[in-house]
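One structure is given here, and the rest of the page talks about it.
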Amino acid sequence: MVQLYQSVSLIFEGKITRMDKVKNKNEIAIAMSGGVDSAVAASLLIKNGFRVRGYYMSLKPWNCRERDKPVEQDRAEKIADKLGIQLDILDFQRIFKEEIIGGYISALSQGLTPNPCVMCNRLIKWGSLLEYVQSKGIGLLASGHYAYLQRDENGDVTLHKGLDENKDQSYVLSALPQPVLRHMILPLGNLQKKEVQALAQEFGLSESVDRESQDLCFLSGFKQEDFLRENAKELLESGEITDQDGKVLGRHSGLALYTIGQRKGLGIAWHEPLFVIDKNIERNILIIGTKDKLRQNALTAKDANWISELPQTDDRRYDIKIRYKSKLLKARIHHLQNREFTVIFDESLRDITPGQRVVVYKGRKCLGGGEIVKGMYINNLKR
RNA sequence: UGGGGCAUGGUGCAACGGCAGCACACCGGACUUUGAAUCCGUGGAUCCAGGUUCGAAUCCUGGUGCCCCGG
């Protein structure tokens with residue numbers, strides 16, 4: 001049988017003492033999306049002796065004419081049936097619309113490129129849902145995220161990358177504060193995706209689940225343009241596309257449709273590819289240029305969240321991600337004060353994008369991160 | 001209404017008289033719980049009318065359109 005990794009077992013065995021609000025240490029809630037990951041995570045918890053209760057969050061309206069419930073919900077119900085656990089359906093549509101969609105649109109209107117997954121994890125999955133299960137007397141909430149939580153005997157948690165680096169989701173969890181992490185259980189943290197798929201086979205779940213995890217995201221299946229036309233028409237105001245010198249090269253159909261570093265959708269033929277290098281939100285102008293114009297080597301960030309330790313601001317290097325799937329970049333942290341900080345990279349990079357999250361790693365450990373305010377190029381890098 | 005130049009996919013360019021190719025754009029796919037990037041792939045063009053030639057995008061004649069010079 002597959003063992004849960006140590007820090008989960010420690011809870012079960014009652015060896016972690018300081019766990020506020022956790023009464024029954026063998027009772028656990030799990031967010032179930034209908035995907036393979038949460039299904040296997042639930043199975044693992046059950047097989048390791050936890051009493052598990054599933055929760056499916058209904059986040060967005062579906063087409064009622066076609067079916068009485070979304071396919072994801074149907075899958076989640078079948079999985080819960082198979083596992084013999086209770087599944088509660090929670091209607092979070094209103095808060096999802098107000099907080100996540102609202103926040104997303106509001107950020108876009110400021111010219112930012114928000115990451116709704118990060119917001120959704122903080123506000124919905126590990127916000128509203130955690131509060132809800134706690135109100136039901138359950139102190140622990142699990143999910144199928146690929147990230148690894150390590151606990152010491154005080155219950156203090158450190159967040160680590162999932163063992164499967166390709167699937168690692170510590171990035172989207174990096175904005176969660178310590179008090180929330182204390183209540184989280186991530187059973188897949190030490191598994192490879194392949195192992196999870198094999199377990200799904202072994203547990204007889206393969207037929208019920210989708211091959212991939214369901215994305216709960218509101219953008220799934222939507223084109224950004226269609227989404228905005230329905231939800232925020234005012235962001236689709238067309239304007240000029242210019243180069244850095246202000247020469248007009250074409251027209252765009254709404255700044256919100258573009259992000260820094262984007263190539264597709266400009267519709268401008270040139271002898272080499274062109275990319276979005278900046279947005280002028282006041283004048284509704286999209287500024288584009290060749291690849292070399294994207295080179296930057298520093299950024300400022302705000303709304304920092306440090307999970308277990310502050311980064312040092314001496315010359316030591318950390319591994320940095322500037323978006324979910326970016327490769328790790330060596331950099332040092334400076335000017336850390338209040339909830340703001342500066343990151344200076346060893347090498348220049350492209351696509352530093354305001355609104356995205358910058359996340360700091362020390363080896364496998366995720367220290368936390370912040371929201372990118374702006375990227376810049378510093379010429380005279382003093383060592 | 002003088003002189004010169006140009007005309008090739010959506011755009012910008014290539015092709016000694018011998019199978020019209022490249023870049024960019026568009027479209028599709030892969031990847032992906034954000035938006036992107038990246039990778040793979042498809043389609044699509046010789047301004048018009050004559051002529052020379054075995055063979056014309058290429059040479060010749062005429063037409064049409066555009067550009068530059070005529071400070």
- Would you please classify the geometry between the A/Tyr148 ring and the A/His160 ring as parallel, tilted or perpendicular, with 30° and 60° separating the classes? perpendicular

- Item | Approximate separation, where rounding is to 0.5 Å, of A/Leu235 CG and A/Leu108 CG | 6.0 Å

- Query: Any idea which heavy atoms bring A/Ile320 and A/Val360 closest together, and the distance?
  - Reply: CD1-CG2, 3.8 Å

Watson-Crick or G-U wobble partner for [N], using a 3.5 Å limit on both distances?
| N | result |
| --- | --- |
| B/G65 | B/C6 |
| B/C39 | B/G29 |
| B/C13 | B/G21 |

Counting any heavy atom closer than 4.0 Å, what does [X] reach on the DNA or RNA strands: base, sugar-phosphate only, or nothing?
| X | result |
| --- | --- |
| A/Gly265 | sugar-phosphate |
| A/Leu108 | nothing |
| A/Ser326 | nothing |
| A/Tyr258 | nothing |

- State whether A/Lys167 places a side-chain N or O below 4.0 Å from either non-bridging phosphate oxygen (OP1 or OP2) of B/U33. yes

- Item | Side-chain N or O of A/Arg357 closer than 4.0 Å to phosphate OP1/OP2 of B/U34 | no

- Item | Residue A/His145, side-chain atoms from C-beta onward, closest of B/C27, B/U33, B/G35 | B/U33

- Query: Over how many whole Å does the gap from A/Tyr104 atom OH to B/G35 atom P extend?
  - Reply: 7 Å

- Non-hydrogen side-chain atoms of A/Lys330 and A/Tyr318 separated by less than 4.5 Å: no

- When the P atoms of B/G21 and B/G29 are considered, how many whole Å apart are they? 27 Å

